[in-house]
Novice: 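Mind looking over this structure? Questions follow.
In this chain, numbering begins with 1 at the start of the sequence shown.
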Amino acid sequence: MATDVSAYTKPLPPITKLNAPFWEGTKKGELRLQTCNECGHQWYPPSTHCPNCLSRDYAWKAVSGRGKVWSWVVFHQRYFKAFEDELPYNVTLVELDEGVMMMSTLRGIDDKDVHCDLQVKVEFEDATDEQSVPYFVPA
Ligand SMILES: [Zn+2]
């Protein structure tokens with residue numbers, strides 16, 4: 001979803017050598033995960049080793065961007081000033097079809113209608129010229 005990138009005021013994680021391929025993917029509308037070349041395991045957030053077999057031999061691969069709600073909470077209280085205008089908002093743990101958990105938010109649905117196993121798909125909000133932030137919508 002195209003937005004005015006200069007209007008994005010929420011905090012963003014710094015781009016590092018480790019996570020740069022993830023952010024390059026988001027700018028292309030791809031959700032990418034590290035995939036172990038030794039055992040095939042996929043994981044998030046980025047790390048230097050496969051958490052399954054400790055190999056450092058991995059590649060970044062685009063995944064389906066589809067999954068289901070595993071759990072969620074709704075924030076009614078301001079914990080972060082940058083998110084104040086969105087109160088109340090949900091923080092949702094999505095289990096991707098690849099089995100990887102990703103913390104995100106769910107849009108396009110009333111918080112009261114969110115439920116476990118709700119099928120969702122990823123979309124992206126342009127934040128800066130280098131980063132688009134993934135979020136999920138009902139599939
Ligand atoms: Zn591995």
Side-chain angles (χ1 to χ4, degrees):
M1 175 184 295
T3 54
D4 178 2
V5 294
S6 64
Y8 195 87
T9 57
K10 295 179 203 131
L12 289 164
I15 297 174
T16 64
K17 184 178 176 183
L18 178 64
N19 71 23
F22 176 84
W23 295 112
E24 290 164 10
T26 67
K27 291 306 291 185
K28 295 178 177 176
E30 291 179 358
L31 191 65
R32 294 178 181 173
L33 296 178
Q34 287 169 291
T35 304
C36 180
N37 288 330
E38 296 292 327
C39 74
H41 187 73
Q42 293 183 299
W43 66 92
Y44 184 86
S47 66
T48 57
H49 295 72
C50 170
N52 188 51
C53 74
L54 303 181
S55 173
R56 288 175 179 264
D57 183 13
Y58 64 83
W60 286 89
K61 294 191 177 169
V63 295
S64 67
R66 291 183 170 269
K68 62 186 178 184
V69 172
W70 196 84
S71 188
W72 78 99
V73 295
V74 177
F75 281 36
H76 293 271
Q77 182 174 328
R78 187 190 88 176
Y79 294 100
F80 305 102
K81 184 164 180 49
F83 294 86
E84 184 172 32
D85 292 344
E86 299 193 14
L87 289 172
Y89 62 90
N90 67 76
V91 176
T92 300
L93 189 58
V94 172
E95 182 180 8
L96 298 173
D97 284 355
E98 292 79 8
V100 176
M101 296 289 189
M102 181 169 280
M103 192 74 72
S104 187
T105 192
L106 192 55
R107 296 182 184 171
I109 185 172
D110 278 354
D111 288 332
K112 66 178 173 38
D113 295 327
V114 178
H115 59 86
C116 285
D117 294 333
L118 177 68
Q119 298 294 308
V120 296
K121 63 179 181 179
V122 74
E123 292 188 353
F124 299 92
E125 178 181 359
D126 284 336
T128 68
D129 289 339
E130 293 81 32
Q131 289 174 294
S132 293
V133 178
Y135 62 92
F136 289 82
V137 297

Novice: How far does CG of D85 sit from OG1 of T9, to the nearest 0.5 angstrom?
Specialist: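 Going from CG on D85 over to OG1 on T9, the span is 7.5 Å.
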
Novice: Between P134 and T26, which heavy-atom pair has the shortest distance, and what is it?
Specialist: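 Here P134 and T26 meet closest at CD-CG2, 4.4 Å.
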
Novice: Report the distance from atom CG of D126 to atom CD of Q131, rounding to the nearest 0.5 Å.
Specialist: 11.0 Å

Novice: Measure the CG-CG distance between D111 and N90 for me, rounded to the nearest 0.5 Å.
Specialist: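 Output value for this atom pair is 4.5 Å.
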
Novice: With rounding to the nearest 0.5 Å, note down the distance linking CE in M102 to OG1 in T92.
Specialist: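 Between atom CE of M102 and atom OG1 of T92 there are 13.0 Å.
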
Novice: For a quick test of reading the model, state the closest non-hydrogen atom pair linking G67 to D97 and the distance between them.
Specialist: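 So the minimum-distance heavy-atom pair works out to CA-OD1, 3.4 Å.
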
Novice: Please test R107 against E123 for salt bridge (charged side-chain N to carboxylate O under 4.0 Å, His left out), starting from the C-alpha separation and ending with a verdict.
Specialist: CA-CA 9 Å; R107 296 182 184 171; E123 292 188 353; over 6 Å; no

Novice: Working to the nearest 0.5 Å, report the span between NZ of K61 and CD of E98.
Specialist: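 With rounding to 0.5 Å, NZ (K61) is 11.5 Å from CD (E98).
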
Novice: Determine whether L33 and W70 fall in the same hydrophobic cluster, where Ile, Leu, Val, Met, Phe, Trp and Tyr are linked whenever their side-chain heavy atoms lie under 4.5 Å apart.
Specialist: no

Novice: Hydrophobic side-chain clustering at under 4.5 Å (ILVMFWY, transitive links): who's grouped with L54? Put none if nobody.
Specialist: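 Besides L54, the cluster holds no residue at all.
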
Novice: Taking it one step at a time, do E30 and K28 satisfy salt bridge (charged side-chain N to carboxylate O under 4.0 Å, His left out)?
Specialist: CA-CA 5 Å; E30 291 179 358; K28 295 178 177 176; over 6 Å; no

Novice: Assigning hydrophobic clusters by single linkage (Ile, Leu, Val, Met, Phe, Trp, Tyr; side-chain heavy-atom cutoff under 4.5 Å), is W72 placed with L93?
Specialist: no

Novice: Using salt bridge (charged side-chain N to carboxylate O under 4.0 Å, His left out), reason through E24 and K27 one step at a time and then give a plain yes or no.
Specialist: CA-CA 5 Å; E24 290 164 10; K27 291 306 291 185; over 6 Å; no

Novice: With rounding to the nearest 0.5 angstrom, report the OG to CE distance, S71 to M103.
Specialist: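 Output value for this atom pair is 8.5 Å.
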
Novice: Does the ring center of Y44 lie less than 6.0 Å from the ring center of F22?
Specialist: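 Here the rings of F22 and Y44 have centres that are less than 6.0 Å from each other.
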
Novice: Keeping Q34 on the side-chain end and S47 on the backbone end, is there a donor-acceptor pair under 3.5 Å?
Specialist: yes

Novice: Ring centres of F75 and F83 under 6.0 Å apart?
Specialist: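 Judged by ring-centre distance (under 6.0 Å), F75 and F83 do not meet the cut-off.
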
Novice: Does W60 have more than 12 heavy atoms from other residues, nucleotides or ligands lying within 6.0 Å of its CH2?
Specialist: yes

